[in-house]
Trainee: 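Mind having a look at this structure? Questions to follow.
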Amino acid sequence: EQADYGLGRPASDAEIAGWNIDVRPSGAGLPEGSGTAGDGEAIYKTQCAACHGPKGENGAFPRLVGGQGTLASDKPIKTVGSYWPYATTLYDYIHRAMPLTSPQSLSPDETYAVTAYVLYLNGLVDRDEALDAGTLAKVEMPNRNGFVSPDPRPDVSNEACMQDCVQNSELKAK
Amino acid sequence: EQADYGLGRPASDAEIAGWNIDVRPSGAGLPEGSGTAGDGEAIYKTQCAACHGPKGENGAFPRLVGGQGTLASDKPIKTVGSYWPYATTLYDYIHRAMPLTSPQSLSPDETYAVTAYVLYLNGLVDRDEALDAGTLAKVEMPNRNGFVSPDPRPDVSNEACMQDCVQNSELKAK
Amino acid sequence: VPFLAGRGLAAENKAGNQAPKVPEWMRSQGEPILSPAYGVPSKFERDVVRTPTDLTTTKTSSWSFTPLQDLEGSITPNGLVFERHHGGVPAIDPEQHELMLHGLVDKPLIFDMAQLKRFPQVSIKRFLECSGNTLTEWKEPTGKTVQDTHGLLSCCEWTGVPLATLLREARVKDKAEWILAEGADASALTRSIPMDKALDDALVVYAQNGEALRPEQGYPLRLLLPGFEGNMQVKWLRRLEVGDAPFMTREETSKYTDLMPNGQARQFTFLMDAKSVITAPSGGQSLPDKGFYEIRGLAWSGRGRIKRVDVSVDGGRNWQQAELDGPVQPKCLTRFRLPWRWKGDSALLQSRAIDETGYVQPTHEQLVDVRGTNYVYHLNAIQTWEVSSQGEISNVHV
Amino acid sequence: VPFLAGRGLAAENKAGNQAPKVPEWMRSQGEPILSPAYGVPSKFERDVVRTPTDLTTTKTSSWSFTPLQDLEGSITPNGLVFERHHGGVPAIDPEQHELMLHGLVDKPLIFDMAQLKRFPQVSIKRFLECSGNTLTEWKEPTGKTVQDTHGLLSCCEWTGVPLATLLREARVKDKAEWILAEGADASALTRSIPMDKALDDALVVYAQNGEALRPEQGYPLRLLLPGFEGNMQVKWLRRLEVGDAPFMTREETSKYTDLMPNGQARQFTFLMDAKSVITAPSGGQSLPDKGFYEIRGLAWSGRGRIKRVDVSVDGGRNWQQAELDGPVQPKCLTRFRLPWRWKGDSALLQSRAIDETGYVQPTHEQLVDVRGTNYVYHLNAIQTWEVSSQGEISNVHV
Ligand SMILES: [Ca+2]
Ligand SMILES: [Ca+2]
Ligand SMILES: [Ca+2]
Ligand SMILES: [Ca+2]
Ligand SMILES: [Ca+2]
Ligand SMILES: [Ca+2]
Ligand SMILES: [Co+2]
Ligand SMILES: [Co+2]
């Protein structure tokens with residue numbers, strides 16, 4: 001296949017900067033700015049609480065807080081605090097998708113602040129701890145090591161029995 | 001494959017008779033009844049002329065009359081008189097599809113009459129000749145033997161020349 | 001937007017929603033699910049529609065063309081499948097519709113829709129082409145776009161019951177040779193079907209690309225005769241009468257017979273011969289600039305699989321073999337592709353199909369030499385698109 | 001009318017339009033061509049629509065199911081392809097939409113739609129399944145119909161440009177290992193794509209069953225990763241960033257990770273394992289009488305071709321090999337069929353798929369034994385439909 005079809009135009013640095021909004025676990029992509037949970041409380045109350053509940057629990061929309069220690073129970077509660085492995089992902093997601101009604105509307109400072117507040121509600125940062133491009137990646141998430149990969153499947157092996165096949169349930173009953 | 005899936009119910013003779021409206025070249029399918037071109041003129045004038053023209057020509061819709069002898073010309077005119085091979089097909093088609101706005105509305109007598117009138121306009125029956133289940137099949141259509149089958153194709157053989165192929169037009173020009 | 005800037009693109013200010021700006025459609029919630037419950041194309045695709053012929057006085061006995069220039073791959077979306085009706089499209093209640101099978105059978109039967117759907121079923125991807133497709137092009141190049149010149153052509157995955165299965169259920173008598181198929185529309189359209197086709201791959205179908213047939217394609221039931229001319233694949237199928245000779249209906253005597261220069265007409269010319277056409281670049285489009293283009297088109301044959309398609313950019317003097325999208329299926333639209341670099345000079349694009357019988361798609365001239373120009377049907381000649389040095393593309397004869 | 005009298009059929013007087021009477025729709029002209037120019041289903045099919053989940057609070061982050069019980073063959077009509085959105089469906093102007101390709105490349109590029117369509121093109125028939133398909137069935141049988149239990153599943157002929165072609169155009173650096181794909185919707189959804197998949201059969205597509213993508217399926221541009229979970233096949237694709245490690249987005253950490261009983265969660269479980277389900281007879285339908293039925297269903301695998309499907313009518317004690325509709329294509333819905341005569345006693349219908357890797361679709365119990373019931377995603381267990389002695393069909397676990 002020819003290497004070059006001559007289709008497409010060069011993307012300028014400015015163009016890339018405008019769309020390059022992802023934040024990685026290393027903190028790469030975090031912008032200038034900072035915020036503390038204290039700063040974030042007001043933002044949370046005015047722009048998030050209506051949907052996620054004043055404490056990030058019991059809202060009409062996904063629960064953000066609590067559930068630590070429940071993952072191995074019959075009723076696991078997966079929240080930012082109990083399940084998310086990286087605090088950087090919280091910044092990334094809040095900036096790109098929240099508040100639901102006006103995504104990508106929060107400034108860096110606002111995003112750092114409300115990110116801090118959600119972490120604070122989960123007891124993961126202090127109220128006045130400033131999160132910024134340097135510190136956010138260092139926040140230790142409880143479920144940091146809760147994920148396994150690569151994909152271990154196939155993890156079940158059934159046989160193609162054709163006649164007089166015995167059901168597992170019967171096997172167990174024996 | 002099993003012969004009998006037991007799906008479908010027997011069709012009664014009455015049910016079949018209601019839908020079995022086709023007429024074949026032998027005349028099979030023609031119902032009781034009769035009509036002459038004379039009878040058919042009034043029906044034609046009131047139910048057909050508006051679309052096909054008073055004489056079956058120059059109407060907004062397909063021409064029914066004339067064109068005999070033009071089939072081998074540069075401008076062939078294909079009508080009931082010049083092209084149709086069977087008069088029985090005329091009965092079949094008029095009854096099932098005409099007048100356009102109320103198909104299957106003409107009675108057998110009306111259909112025989114207006115069929116006769118169209119044939120009459122084409123000079124193929126006399127004005128008072130009664131067409132019925134016995135006589136219609138005997139009407140000789142000018143283009144009765146104008147059709148060839150089975151399909152003689154392929155009738156053109158092109159080759160898959162790939163390089164420096166000479167065009168027919170050039171060949172002819174030489 | 002069309003593959004090529006065929007239609008004038010408003011040069012309105014496009015910067016608003018492009019990098020580095022955050023597009024407006026990312027800054028607030030979009031439409032909810034089920035907008036609507038049975039989805040429709042984007043409003044930006046409202047130009048992609050069927051277009052009408054201008055050759056008929058009434059719109060109920062008329063035809064409309066598939067926008068081949070706007071389609072990719074080899075499936076025609078149900079809403080764009082071409083139409084050819086003789087008495088308009090009936091609104092048939094499937095719970096009242098029945099199929100009557102009688103004539104030279106021991107057990108005349110009537111089937112309702114639920115029963116027909118219980119029979120063993122076949123799903124198969126086949127083209128459907130009106131034998132009048134391309135009829136405007138006999139005398140001189142007339143259609144502007146490939147929709148105009150070749151649009152009475154579509155391809156769907158059809159599902160139904162083999163006609164042979166129903167015939168066996170009714171116990172067909174030995175001397176049966178032909179079957180009359182009759183539609184439940186205002187023209188009660190009828191054609192005679194040869195028994196060997198009925199027992200081969202003929203289907204009585206009720207589904208099209210997975211869902212129920214569309215009204216324009218025969219809802220709730222139609223005949224499918226893979227590879228045969230469209231008119232024989234009777235829509236709104238209500239009756240099958242088994243007989244021992246052709247029924248000589250109006251559609252196979254007055255119409256769908258092919259007039260030769262000597263005044264004789266060929267009858268029962270069922271099969272659609274191998275044919276192909278380039279859909280991009282094609283008539284009415286324009287090449288925005290020099291450089292790389294992939295010439296794309298469709299090839300098909302009523303006689304089985306497409307074996308090969310060659311493409312020429314110099315009006316047939318030199319040819320290159322194009323690539324076919326597999327798996328190539330018999331009697332099915334087959335997409336072909338050829339990489340091409342346009343250097344800005346005029347060109348004459350042609351495609352030439354070869355099917356598994358070895359038959360090679362003929363030139364327009366070869367067909368006219370044998371059949372004259374009043375043949376009306378079965379025009380399967382090589383199509384030529386001229387590319388001007390400005391990149392404008394038009395329909396020409398060479 | 002549904003294949004089986006699942007929905008109450010009004011016993012209104014049907015004789016009016018049946019033999020020997022001439023149906024009313026044969027006694028006057030039907031609708032003209034182009035009624036409308038982009039065709040729509042018959043009004044009698046208005047029940048065949050996508051239906052919503054009842055598990056979400058907002059309809060813009062929600063999903064809707066394909067009516068599998070009403071579909072035939074293996075193509076899903078575009079208007080019935082399932083939906084799963086996180087920020088609603090954006091209305092993107094194709095003439096403003098662009099795709100940005102940057103990161104670990106020598107030449108960061110921006111493509112517009114016309115340019116993307118000029119690249120060498122691939123058309124390919126592949127299934128699309130949400131990894132949350134059937135998630136309601138982990139704990140106990142919940143969905144009534146196969147639309148409820150398996151409807152986050154569709155199959156189309158997709159057309160687009162290989163992602164590998166675009167990557168070569170941008171000159172990807174050696175240490176590239178992962179690509180972030182980002183959508184231009186209100187959730188700006190992002191997933192990390194492994195480089196080997198990107199260079200294998202990943203496509204950037206713009207057409208679905210021949211026409212432009214539908215808004216709900218990503219118009220004008222989306223990613224297609226054949227065999228991978230639906231969420232990764234980012235809709236409304238606007239950006240591809242080449243990187244050296246997974247980006248750990250919200251959709252591949254908080255969501256689309258599979259919680260095991262021990263509290264650990266499996267991440268990057270991309271592939272959809274072999275799965276099958278009987279669509280007729282299926283939940284919510286009823287068998288009108290004893291006699292012949294053809295058991296029909298769908299089978300598919302993200303790991304390649306379906307090799308075999310077995311069907312049981314006694315809850316898995318005895319199996320028969322079903323027939324597969326050919327040509328069987330990899331990572332594609334494959335229709336299977338088995339003739340069956342119902343004698344009126346209760347039955348337990350099951351299908352079991354085997355793919356070309358030899359993997360056998362497991363029972364519900366086998367999966368729960370290993371994965372527990374909070375796994376949420378990737379439930380590909382054998383589905384059981386119980387037929388009561390009255391012919392009523394319901395969703396059960398055995
Ligand atoms: Ca980045
Ligand atoms: Ca008859
Ligand atoms: Ca437009
Ligand atoms: Ca013909
Ligand atoms: Ca209904
Ligand atoms: Ca997964
Ligand atoms: Co921002
Ligand atoms: Co009558």
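Below, read A as the first sequence line, B as the second, and so on, with proteins coming before strands; counting in each chain starts at 1. Any value given below was found using the heavy atoms of this structure, including those in side chains, with hydrogens, waters and symmetry copies removed.
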Trainee: So what's closer than 4.5 Å to chain A heavy atoms on D:D273: side chain, backbone, both or neither?
Mentor: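 Both the backbone and the side chain of D:D273 come within 4.5 Å of chain A.
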Trainee: Is there a side-chain contact between D:H102 and D:K107, using heavy atoms and a 4.5 Å cut-off?
Mentor: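 They are not in side-chain contact.
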Trainee: Under a 3.5 Å cutoff, is there a donor and acceptor pairing between the side chains of A:D109 and A:S107?
Mentor: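 Not at all, the side chains of A:D109 and A:S107 share no donor-acceptor pair under 3.5 Å.
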Trainee: State whether a side-chain donor-acceptor pair under 3.5 Å links D:E252 with D:S192.
Mentor: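 Present: a donor and an acceptor within the cut-off.
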Trainee: How are the rings of D:Y375 and D:H378 set to each other: parallel, tilted or perpendicular (split at 30° and 60°)?
Mentor: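 Geometry flag for D:H378 against D:Y375: perpendicular rings.
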Trainee: Run D:F268 and A:F147 through ring-ring contact (aromatic ring centres under 6.0 Å, His included) and show every step you take.
Mentor: CA-CA 10 Å; D:F268 304 132; A:F147 298 84; 9.1 Å; no
Trainee: Specify whether A:Y91 and A:Y112 have parallel, tilted or perpendicular ring planes, treating 30° as the upper limit for parallel and 60° as the lower limit for perpendicular.
Mentor: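 Taking A:Y112 first and then A:Y91, their aromatic rings sit tilted (interplane angle of 30° to 60°).
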Trainee: Tell me, side chain or backbone of A:D74 under 4.5 Å from chain D's heavy atoms, or both, or neither?
Mentor: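 A:D74 touches chain D through backbone heavy atoms alone.
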Trainee: Heavy-atom distances under 4.5 Å only: say whether D:Y359 touches chain A with side chain, backbone, both or neither.
Mentor: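 For D:Y359, side-chain heavy atoms alone lie under 4.5 Å from chain A.
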Trainee: Between chain D and each of A:T70, A:D92, A:I16, count heavy-atom pairs under 4.5 Å; write down the option with the most.
Mentor: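 Ranked by contacts with chain D, first place is A:I16.
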Trainee: With a 3.5 Å cut-off and no angle check, do the side chains of A:D132 and A:S34 form a donor-acceptor pair?
Mentor: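 Absent: no donor and acceptor within the cut-off.
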Trainee: So what's closer than 4.5 Å to chain A heavy atoms on D:L180: side chain, backbone, both or neither?
Mentor: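 Answer is side chain: those atoms of D:L180 sit under 4.5 Å from chain A.
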Trainee: Could you check whether the rings of D:W236 and D:H85 sit parallel, tilted or perpendicular, using 30° and 60° as the cut-offs?
Mentor: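 Correct class here is tilted.
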Trainee: Just checking, any donor-acceptor pair under 3.5 angstrom between side chains of D:S312 and D:Q350?
Mentor: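 There is no such pair (donor and acceptor under 3.5 Å, judged by atom type) between the side chains of D:S312 and D:Q350.
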Trainee: Will you find, in the side chains of A:N20 and D:R239, an N or O donor that is under 3.5 Å from an N or O acceptor?
Mentor: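 Distance-only check passes for A:N20 and D:R239.
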Trainee: Non-hydrogen atoms of chain A under 4.5 Å away: do they reach the side chain of D:R352, the backbone, both or neither?
Mentor: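 For D:R352, the side chain is the part near chain A, not the backbone.
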Trainee: Among A:Y93, A:W84, A:F61, A:Y86, who wins on heavy-atom pairs under 4.5 Å with chain D?
Mentor: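 It is A:Y93.
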Trainee: Given that the side chain runs from C-beta out, which part of D:P362 has a heavy atom under 4.5 Å from chain A: side chain, backbone, both or neither?
Mentor: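 For D:P362, backbone and side chain are both near chain A.
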Trainee: Given a strict heavy-atom distance threshold of 4.5 Å, which part of A:E159 is in contact with chain D: side chain, backbone, both, or neither?
Mentor: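 For A:E159, the backbone is the part near chain D, not the side chain.
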Trainee: So which part of D:L109 gets closer than 4.5 Å to some heavy atom of chain A, the side chain, the backbone, both or neither?
Mentor: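 Contact with chain A involves both backbone and side-chain atoms of D:L109.
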Trainee: Heavy atoms only, distances under 4.5 angstrom: which of A:P150, A:P152, A:S157, A:P154 has the most pairs with chain D? Name it, please.
Mentor: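 Between A:P150, A:P152, A:S157, A:P154, the count favours A:P152.
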Trainee: Between A:V80 and chain D, with a heavy-atom cut-off of 4.5 Å, which part of the residue counts as in contact: side chain, backbone, both or neither?
Mentor: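 No part of it gets close to chain D.
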Trainee: What residue in A:G29, A:A72, A:S12 has the most heavy-atom pairs under 4.5 Å with chain D?
Mentor: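 If we count pairs closer than 4.5 Å to chain D, A:A72 comes out on top.
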Trainee: Side chain, backbone, both or neither: which part of A:S73 has a heavy atom under 4.5 Å from chain D?
Mentor: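 Answer is backbone: N, CA, C or O of A:S73 sit under 4.5 Å from chain D.
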Trainee: Among A:C51, A:P62, A:S102, A:P76, who wins on heavy-atom pairs under 4.5 Å with chain D?
Mentor: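 Top option by heavy-atom pairs under 4.5 Å: A:P76.
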Trainee: Measure D:Q267 against the heavy atoms of chain A and call it side chain, backbone, both or neither at under 4.5 Å.
Mentor: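 Both parts, heavy atoms under 4.5 Å.
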Trainee: Between A:L90, A:D164, A:T101, A:V148, who has the most heavy-atom pairs with chain D when the cutoff is under 4.5 Å?
Mentor: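 Top count of heavy-atom pairs under 4.5 Å with chain D: A:V148.
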Trainee: Could you check whether D:K139 and D:N374, counting side-chain N and O atoms only, form a donor-acceptor pair closer than 3.5 Å?
Mentor: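 D:K139 and D:N374 do have a side-chain donor-acceptor pair below 3.5 Å.
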Trainee: Based on non-hydrogen pairs under 4.5 Å, which of D:Q320, D:E251, D:E98 is most in contact with chain A?
Mentor: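 Sorted descending by pairs with chain A, the first entry is D:E98.
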